[in-house]
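Notes follow once the structure below has been shown.
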Amino acid sequence: MKYWLMKNEVSDYCIDDLAKDKSTAWTGVRNYQARNFMRDEMAPGDLGIFYHSNAEPSGAAGILRIQGPAIADETQFDKKSKYFDAKATKEKPRWFCQVVKFRSKFKRVVSIQEMRDNKACKNMLILRPGNRLSITPLSKQEFEVICKMSEE
DNA sequence: GCCAACGTTGGC
DNA sequence: GCCAACGTTGGC
């Protein structure tokens, strides 16, 4: 059982959208490291923090569950999509995504500043300067600390 | 295969 | 909108 932090621009897709949809394919990831996490490391039942970036404030907004296993990201085949990749084929997809299911919305957003201020979060990759990875692993402790902060 | 230039991300 | 960080690209 692993834990993840999955970042998304709040204006694109937020926790309320996921609550409404119940589940969604986490498409559009075009970074190899993040792809490998989804394709190789995530397993059905893993839990993730849904993180809002470019938000007021940016931070952890809720919990999602990985349906797993990874599937091909359909947007890579769609010429009209900004995520289209001419080098990808149906036979050999380059990009993968996970279907994620809504689990819960936090009572309040746990801001990135609160995470910075909490010693238990100090190793989180998301807090590293210049971090641009949209999917990062979390330890069980980090996951639980964020959940706990959301209750306060 | 090096590395400079470029583009993107994302907090502020 | 600024700017630091860093992944990607492409010339050599």
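If you're wondering where the values come from, they're calculated on a predicted model, not measured in any experiment. In what follows, every chain begins at residue 1, and chains take the letters A, B, ... in the order their sequences are listed.
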Taking heavy atoms of chain A and a 4.0 Å limit, find me the 5'-most and 3'-most nucleotide of DNA chain B within that range. B/dG7 to B/dC12

side-chain contact (heavy atoms from CB on, under 4.5 Å) partners for A/Asn31, two or more places apart: A/Gln33, A/Ala34, A/Leu133

Applying side chain to side chain donor-acceptor pair (under 3.5 Å) as the test, list every pair that has at least one member in residues 56-65 of chain A; sequence neighbours left out. none

For residues 57-83 of chain A, which residue pairs pass the ring pair (Phe, Tyr, Trp, His ring centres under 6.0 Å) check, not counting sequence neighbours? none

List, one per line, each side-chain donor-acceptor pair under 3.5 Å for residues 20-29 of chain A, sequence neighbours excluded.
unit_1  : atom_1 : unit_2  : atom_2 : d
A/Asp21 : OD2    : A/Tyr13 : OH     : 2.6
A/Lys22 : NZ     : A/Ala19 : O      : 3.4

Can you name the closest pair of heavy atoms from A/Trp4 and A/Ile135 and give their distance? CE3-CG2, 4.2 Å

Contacting residues from residues 125-138 of chain A, given that a heavy atom lies under 4.0 angstrom of DNA chain C: A/Pro129, A/Gly130, A/Arg132

Students often get this wrong, so: under 4.0 angstrom with heavy atoms, is A/Arg116 touching a base, only sugar-phosphate, or nothing? sugar-phosphate

Which residues pass the salt bridge (Lys or Arg N to Asp or Glu O under 4.0 Å) test with A/Asp16, not counting sequence neighbours? A/Lys105

Table please: side-chain donor-acceptor pairs of residues 145-152 of chain A below 3.5 Å, with sequence neighbours left out.
unit_1   : atom_1 : unit_2   : atom_2 : d
A/Ser150 : OG     : A/Cys147 : O      : 2.6
A/Glu151 : OE1    : A/Lys107 : NZ     : 3.2

Test: salt bridge (Lys or Arg N to Asp or Glu O under 4.0 Å). Region: residues 109-128 of chain A. Which pairs qualify, not counting sequence neighbours? A/Arg108-A/Glu114

